[in-house]
Every structure is written in C-alpha cells, then in structure tokens.
Amino acid sequence: MNEELNLNILAINSSTKITGIALSSGGKILSQIKKDFGRKQSSELPFICEEFLTQNNLSWQNLNYIALTNGPGYFTGIRVGASYAAGLAFGLKIKLIPVSTLELLKYSFVKNNNNCNNLKNILPVIYAGHNYVYAESEFLKPGEYDLNFITEHAQKNNLKIISDDPERAGLNCELVNFEAGDLCEIALNKIDSAVNPMELKILYYRVPQGMENFIICN
C-alpha cells in the first residue's frame, strides 16, 4: 500500500460561511461535519476535533498532518482556523497542508459533476462583501474583483461560475456542495506542499484601500 494512504489527517475549513471539519485515516473519511457555528467557531473547533479522534480510537499523537484552507474567505474564520491549526501542529510537531479555498470549491464541484471534464472552464468565487468576490481562473490571477468585472470575464472566456454561497456572491453561479472530507482528499495529493506552522501563509487577497479600480491579471 502507498505509504501516504496510511496517514491520519485532520482537515479544517473555516474560511467559508459553513465550517467544515473532517478526519481521515488510510485515505478513508472517518468523520466529518459542516455547520454554521457563527460566533462559537473558536470554541467548537477544539471540541469537535477531539471528539472525532476519541470516536475513532485515535489520539492527538496519531495525527500525521493537519490540512487547512488558508483563504481566501471570511477574515475572522480564516484567523480562527489558522490560529488553531498552527498552534495544534506546533504542539504536536507535525506539518500543515495549506489548500486554497478556491481550489477546494473547484475540486468539490468537479467531484460532484461527472460530466465536468474541463477545469479551464470553471471560475470559483467566494463572497468578499460590498459587491466584491474572491476569484481565480485559468485566465485570471487569484484576487479580489468587483462583480461587473467577474461577469464580463466569465462571459468573455465562456466560464461557469461556481460558489459556496451564490446568493451572497451576487452572481449567476452554481452552488458547490462541498464536504470537509474533500479537503482530506486534496491534502493526500499535496503532501509535498506541507509546511511548518511558522511558514503558514494566509491568502487574504484583499485589495488595498484606494486601489479598488485596479485589476491585476496574468
């Protein structure tokens, strides 16, 4: 058996409106949950993670990696998840596997749509507030963009817009029903991208105030 498939991975996504937590072992999802914790996010994370381990007869020391969505997304949620995951990894002396929230959305969409075989035609977006979204595509550098630009970009390049929250995103896009287990699956293929807790980088993509009218593209 591939050595990587013997790994125990705890996955945390707190970058989106719905928090997702999952635990996998040997490539199999043992437990997962997705819920809107609201202001209780910071207090619920440790409790659920410990509960997952206990239910599956594992201890903290059995964890090999912690997978984490490192943005873009909700500012407070990113900070809560990153702080908890980095502190836990530091204490356990294990590495983190950072995954872009936009990458998670795209992965989950493709996984749940068997007829989707062209990744270049997908444009994942995350609500950023005030008529802005975080987005990236094959033709667009990851960043924060206004809705008019994204609409024109999608039409010009024949892209399907997807989102975890279409109503708040304010665009004509398709809903992505993702699970935290998807983050575990991505992490298994990104072991080489694992970093020490002190090396974790957060992908805020927030445009500096006063620069909103400047679009940076590849």
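Sequence positions, counted from 1, serve as the residue numbers for this chain.
Applying the ring pair (Phe, Tyr, Trp, His ring centres under 6.0 Å) test to every pair with at least one member in residues 32-64, sequence neighbours left out, gives no pairs at all. Contacts classified as side-chain hydrogen bond (donor to acceptor under 3.5 Å, both in side chains) and involving residues 147-157 (residues at least two apart or in different chains) are given here: Ser137-His153, His153-Asn157.
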Inset, instruction - Before giving the answer on side chain to side chain donor-acceptor pair (under 3.5 Å), spell out for Ser25 and Asn56 the whole-Å C-alpha distance, their side-chain angles and the decisive distance to 0.1 Å. - result: CA-CA 10 Å; Ser25 180; Asn56 292 284; over 6 Å; no
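Take Asp36 and apply the side chain to side chain contact (heavy atoms under 4.5 Å, CB included) test, not counting sequence neighbours, and it matches Lys17, Ile18. Residues meeting the side chain to side chain contact (heavy atoms under 4.5 Å, CB included) test with Thr101, sequence neighbours left out: Asn13, Ser15, Thr16, Thr69, Pro72, Ile126. The side chain to side chain donor-acceptor pair (under 3.5 Å) test applied to Tyr74 returns Arg168, not counting sequence neighbours. For Asn70, the side chain to side chain donor-acceptor pair (under 3.5 Å) test picks out no residue, with sequence neighbours left out. With sequence neighbours excluded, the residues satisfying side chain to side chain contact (heavy atoms under 4.5 Å, CB included) with Ser59 are Gln61, Asn62. Considering only residues two or more places apart in sequence or on other chains, Asn64 meets the side chain to side chain donor-acceptor pair (under 3.5 Å) condition with none of them. Applying the side chain to side chain donor-acceptor pair (under 3.5 Å) rule to Asn131 yields no partners; only residues at least two apart in sequence or on another chain are considered. Partners of Ala22 by side chain to side chain contact (heavy atoms under 4.5 Å, CB included), not counting sequence neighbours, listed by chain and number: Ala11, Gln32, Ala180, Cys184.
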Could you list the donor-acceptor pairs under 3.5 angstrom formed by side chains in residues 78-96, with sequence neighbours left out?
{"unit_1": "Ser83", "atom_1": "OG", "unit_2": "Arg79", "atom_2": "O", "d": "2.7"}

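Counting side-chain heavy-atom gaps under 4.5 Å among Ile, Leu, Val, Met, Phe, Trp and Tyr, Met198 is found in no cluster with other residues.
Atoms CG and CD, on Asn113 and Glu174 in that order, are 5.5 Å from each other to the nearest 0.5 Å.
The pair Glu185-Lys111 meets the salt-bridge criterion, since a charged nitrogen lies less than 4.0 angstrom from a carboxylate oxygen.
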